[in-house]
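Worksheet for the structure shown next.
Keep in mind that the numbers below use all heavy atoms, side chains included, and drop hydrogens, waters and symmetry copies. Chain letters run A, B, ... following the sequence lines, proteins first, then strands; residues in each count from 1.
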Amino acid sequence: MDREEYVERVLVMVERIPPGRVMSYGDVAEAVGVGGPRQVGRVMSLEGGAVPWWRVVRADGGLPLCHDGRALAQHRAEGTPLRSPERVDMELARWWPPDGPGGGTG
DNA sequence: GGTGTGACGCAGG
DNA sequence: CCCTGCGCCACAC
């Protein structure tokens, strides 16, 4: 598993996240089956500009505004279930690829 | 090889 | 909700 391979998997995974839904860094890490939440976040900071990074949030629904308030604008535009002006309702927005244990969009 | 850091996650106070 | 401590893996010095 080269770094490019890992980066590719993470990026394609994030792109698979449908609008109005989100995945936590840990979920993406588990979905790709390699590395951990740190590595996912790392890839995002490097190549995240090519994917809907705002659909990737912290395990507690915290938005990555460490960059820009874009995330909030996007979630508001996509209709993501928010519990707070900058927090996502994980129990509602949490998504998992239909090719995994989730078995569906929820 | 050791130390410090980070778009993280969990548990305790 | 707030802060703190530990674990995690990879990168930079």
Going by heavy atoms in the side chains, are [X] and [Y] under 4.5 Å from each other?
{"X": "A:M90", "Y": "A:D60", "answer": "no"}
{"X": "A:M44", "Y": "A:V14", "answer": "yes"}
{"X": "A:L82", "Y": "A:H75", "answer": "yes"}
{"X": "A:Q74", "Y": "A:P52", "answer": "no"}
{"X": "A:D27", "Y": "A:R94", "answer": "yes"}
{"X": "A:V22", "Y": "A:T80", "answer": "yes"}

Output one letter per nucleotide in nucleotides 8-13 of chain B: B when a protein non-hydrogen atom lies under 4.0 Å from the base, S when only the sugar-phosphate is that close, - when neither is. BSS---
Which atom names give the shortest non-hydrogen contact between A:P64 and A:V56, and what distance separates them?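 Taking A:P64 first and A:V56 second, the nearest heavy atoms are CG-O, 3.7 Å.
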Residue pairs fulfilling salt bridge (Lys or Arg N to Asp or Glu O under 4.0 Å) with at least one residue in residues 35-56 of chain A, sequence neighbours excluded: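 Applying salt bridge (Lys or Arg N to Asp or Glu O under 4.0 Å) to every pair that reaches into residues 35-56 of chain A, excluding sequence neighbours, yields A:R55-A:E78.
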Pick the P atom in B:dA7 and in C:dC13, then give their distance to the nearest Å.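 After rounding to an integer number of Å, I get 16 Å for this pair.
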Specify the residue among A:R87 and A:R3 whose closest nucleotide of DNA chain C lies further upstream toward the 5′ end.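 Between the two, 5'-proximity favours A:R87.
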Could you list where the contact with chain A starts and ends along DNA chain C, reading 5' to 3', using a 4.0 Å heavy-atom cut-off?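 Going 5' to 3' along DNA chain C, contacts run C:dC8 to C:dC11.
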